[in-house]
Peer 1: 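I'd like to ask you about the structure that follows.
Residue numbers start from 1 in every chain, and the chains themselves are labelled A, B, ... in the order their sequence lines are given, proteins ahead of strands. Keep in mind that this is a model prediction, so the values were computed, not measured.
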Number of protein chains: 2
Amino acid sequence: MPRTETATSAPTRRARDAARPGPPPTVLVRPGDEPTAATLLAAAVEVMAASGYHGTSVRDIATAAGTSPAVLYHHYRSKQGLLVMLCDRGLDVLIEATEAALDEAGPDDADKLRAIVGAHVRVHMESQRESLIGNSEIRALEAPGRDLIVAKRDAQQRFFDRVVRDGVRSGAFATPQPDDASRFITTACTGVAAWYRPGGATEADEIVARHQRIALDAVAHRP
Amino acid sequence: MPRTETATSAPTRRARDAARPGPPPTVLVRPGDEPTAATLLAAAVEVMAASGYHGTSVRDIATAAGTSPAVLYHHYRSKQGLLVMLCDRGLDVLIEATEAALDEAGPDDADKLRAIVGAHVRVHMESQRESLIGNSEIRALEAPGRDLIVAKRDAQQRFFDRVVRDGVRSGAFATPQPDDASRFITTACTGVAAWYRPGGATEADEIVARHQRIALDAVAHRP
DNA sequence: CACCATGTTGAACGCTCGTTCAACGCGCTA
DNA sequence: TAGCGCGTTGAACGAGCGTTCAACATGGTG
C-alpha cells in the first residue's frame, strides 16, 4: 500500500524559502545602519516571526541585518541566546506596559480590567512580531533561559488573575470561574498578535475598545 | 561592545534534544505494531507536537515509529506531505465534530453556542497534539497544501461567526460586536490545546462546561 | 520451483546547519 | 610613525538535514 498521501507538495524546496513572501534575501536594514546588536535583534525578530526559530538560520538573520553570520556571534553567545534575549525583552515590555496601565487606572475593578486588557492588546499589536515569537517559540527555548521566560509569562497571567478575582470578590464581576475567565481573556487577547494587520479595516484603538468590552462581558460585569 | 547578551545558554546542544523530556530516542510504538502509514503519522504527531515541524527531523519521526527514514518515504511523498496530511485530518475531525454537535443541538441560540464550544474544546483536549500542530505549524506549510488547511480553518471559524451572529439577530446575545466576540471565543477555546494536561485538577467535562459558560457570557447572553 | 509485486533495508547523496577562527582593517595613543 | 586593541571578514569545520536508491527479504500466484 504505497503513497497513502493525497495532498501534493513541492518535494525539494525548503519550507522556509516557500513560506517567506517576496524575494528572500532582502536586506531589512537601511545601508547607513551599522550592524549592532540591536540591528541583529530586529532582524531576528523579523525573520523568526515569519519562519519560526528552527525555520530560521543564522545566515537568514545575518542576511536580513546586512551582515555575515560571524558578526552575530560577536554580539550574542549563540542563536539560542538571541532567542532568549528577544523573548525576555518582549515580555519586559508587556509587563511594564501592564503595570503602568494598572497604576494609572482608578480603584474601580472594571477600569482595572479595561486597563490591563488595553495594555495587553496594544502591546500585542505594536510589538506584534516579538509577541508572536514569545508566544509560539517557548518550546524552542532551552533549559536555563526557558524558566526565566515562563516565569515572566506566568507573572503577566497573574495580573489578570488578580484583577478578575478582586472583581468577583467585590461583586463587580459575576462569573463563577474567575481563573478560567482570566485565562480565557488573556488567551484571546494574546491571539491578537496572530491575526492583526496594521493597515486593516479596524483601527487599533477600536480593536482595543472591543476587546475591553468583550472581556468585561466574559467576566459577567454588571455595570 | 562585545556580548551584550546577559542570559546564559548551552552552546553546542541542539534545541530539540534539550526540549524533549526524558531519553530522546524512545520508540513510541509497541513492538508488535508494523510500521504502517498510520503508525508513522501517530509518531509524527507525537514528536512534532513537542518540537515543532522544523525542530523535528525525519529521523526523529522514524525512530519514534520504530523504523528507518526510508520507510517514511514509502508511505508519504515527503516530510511536508506528512504535515499536510496530519493537519488535514486533524481539521476534518474538528469540523465533523462541530457539525455533529450543531445537528444535535436544538434551535435555541444559546444551545447552539454551547454545542460548538463543547465540540471545539473537547476535540482540542482529546486530539490535543494534532490540534497543537494544526494551530502552530501553519506557517511551516507550503503553497498548495497551505491553502487547503487555511480554508478548512476558516470554515471552522465561520461556524462560530454564524451562531453568534444569529444569536445577536434573534436577541439572545447582546454583544455589539458579534464577529469580534466570535473570534475571541474560538481563540480562547483553541488555546485549551496549549495548556490542558490529561490528568490535571479539573475533569475534561468540567473544562468544557466552564468554557461554555464563559463563551455565553462573552456574547452577553441574556437567559 | 520460478516469478513478480510489495515492502524493507542500510548506506549514501548533496546540501545546509550552527559555530569557530586566523587573518585583516582601522582608529586610537604614545 | 609604530604599536595596540577592537570589530570585522571569508572561509572553513564537523554534524545533521531531507531524500534517494540499489539490493534484499517475503509471500502469494503460474
Peer 1: Looking only at atom types and distance, does a side-chain atom of B/Ser182 sit under 3.5 Å from a main-chain N or O of B/Pro178, one as donor and one as acceptor?
Peer 2: no

Peer 1: Within less than 4.0 Å of OP1 or OP2 of C/dT19, is there a side-chain N or O belonging to A/Tyr73?
Peer 2: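 For C/dT19, OP1 or OP2 has a side-chain N or O of A/Tyr73 closer than 4.0 Å.
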
Peer 1: To the nearest Å, how far apart are B/Tyr76 OH and D/dT20 P?
Peer 2: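 The answer, rounded to whole Å, is 17 Å.
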
Peer 1: Do any side-chain atoms of residues 118-125 of chain B form donor-acceptor pairs under 3.5 angstrom with protein atoms, and if so which ones, sequence neighbours left out?
Peer 2:
unit_1: B/His120; atom_1: ND1; unit_2: B/Gln156; atom_2: NE2; d: 3.0
unit_1: B/His120; atom_1: NE2; unit_2: B/Thr190; atom_2: OG1; d: 2.8
unit_1: B/Arg122; atom_1: NH1; unit_2: B/Asp205; atom_2: OD1; d: 2.9
unit_1: B/Arg122; atom_1: NH2; unit_2: B/Asp205; atom_2: OD1; d: 3.3
unit_1: B/His124; atom_1: ND1; unit_2: B/His120; atom_2: O; d: 2.9

Peer 1: CD of B/Glu142 versus C1' of D/dG18: gap in Å, rounded?
Peer 2: 12 Å

Peer 1: Give the rounded distance in Å between these two atoms: NE2 of B/His54 and C1' of D/dG16.
Peer 2: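 Answer to the nearest Å: 16 Å.
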
Peer 1: Just how large is the angle between the end axes of the helix from C/dC1-D/dG30 to C/dA30-D/dT1, five pairs per end, to 10 degrees?
Peer 2: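 For the helix from C/dC1-D/dG30 to C/dA30-D/dT1, the axes at either end differ by 20°.
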
Peer 1: Picking from C/dT8, D/dT19, D/dT9, which would you name as closest to the side chain of B/His75?
Peer 2: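 For the B/His75 side chain, the nearest candidate turns out to be C/dT8.
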
Peer 1: Between A/Gln128 and A/Ala193, which heavy-atom pair has the shortest distance, and what is it?
Peer 2: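 So the minimum-distance heavy-atom pair works out to NE2-O, 2.9 Å.
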
Peer 1: Between D/dT8, C/dG18, C/dG7, which nucleotide gets closest to the side-chain atoms of B/His74?
Peer 2: C/dG7

Peer 1: Which protein N or O atoms sit under 3.5 Å from an N or O of nucleotides 11-14 of chain C?
Peer 2:
unit_1: C/dA12; atom_1: N6; unit_2: B/Arg59; atom_2: NH2; d: 3.3

Peer 1: Which pairs count as salt bridge (Lys or Arg N to Asp or Glu O under 4.0 Å) when at least one residue sits in residues 156-165 of chain A, sequence neighbours excluded?
Peer 2: A/Arg165-A/Asp179

Peer 1: Expressed in angstrom and rounded to an integer, what is the separation of B/Leu40 atom CG from C/dT9 atom C1'?
Peer 2: 15 Å

Peer 1: Looking only at heavy atoms, which two atoms of A/Asp60 and A/Val47 are closest? And how far apart?
Peer 2: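 The answer is O-CG1, 4.4 Å.
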
Peer 1: Who are the salt bridge (charged side-chain N to carboxylate O under 4.0 Å, His left out) partners of B/Glu137, not counting sequence neighbours?
Peer 2: A/Arg139

Peer 1: Given atom CE of B/Met48 and atom P of D/dC17, what is their separation to the nearest angstrom?
Peer 2: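 Rounded to the whole Å, the gap is 13 Å.
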
Peer 1: Using whole Å, report how far CG of B/Leu72 lies from P of D/dT20.
Peer 2: 11 Å

Peer 1: Identify whether the distance between the nearest side-chain nitrogen and carboxylate oxygen of B/Arg146 and B/Glu142 falls below 4.0 Å.
Peer 2: no

Peer 1: So B/Val163 and B/Leu102, do their side chains get closer than 4.5 Å, heavy atoms only?
Peer 2: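 A side-chain contact exists here, since the closest heavy-atom pair is under 4.5 Å.
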
Peer 1: Judged by each residue's nearest nucleotide on DNA chain D, which is more toward the 5′ side, B/Lys79 or A/Ser68?
Peer 2: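 Upstream on the strand: A/Ser68.
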
Peer 1: Rounding to an integer number of Å, can you tell me how far B/Gln80 CD sits from D/dT19 P?
Peer 2: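 Whole-Å distance recorded here is 9 Å.
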
Peer 1: Return the set of residues passing salt bridge (charged side-chain N to carboxylate O under 4.0 Å, His left out) with A/Lys152 (not counting sequence neighbours), or none when no residue passes.
Peer 2: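 Once residues adjacent in sequence are excluded, the partners of A/Lys152 under the salt bridge (charged side-chain N to carboxylate O under 4.0 Å, His left out) criterion are A/Asp88, A/Asp92.
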
Peer 1: Measure from the side chain of A/Ser57, starting at C-beta and using heavy atoms only, and say which of C/dT20, D/dT8, C/dC17 lies closest.
Peer 2: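 Side chain of A/Ser57 sits closest to C/dC17.
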
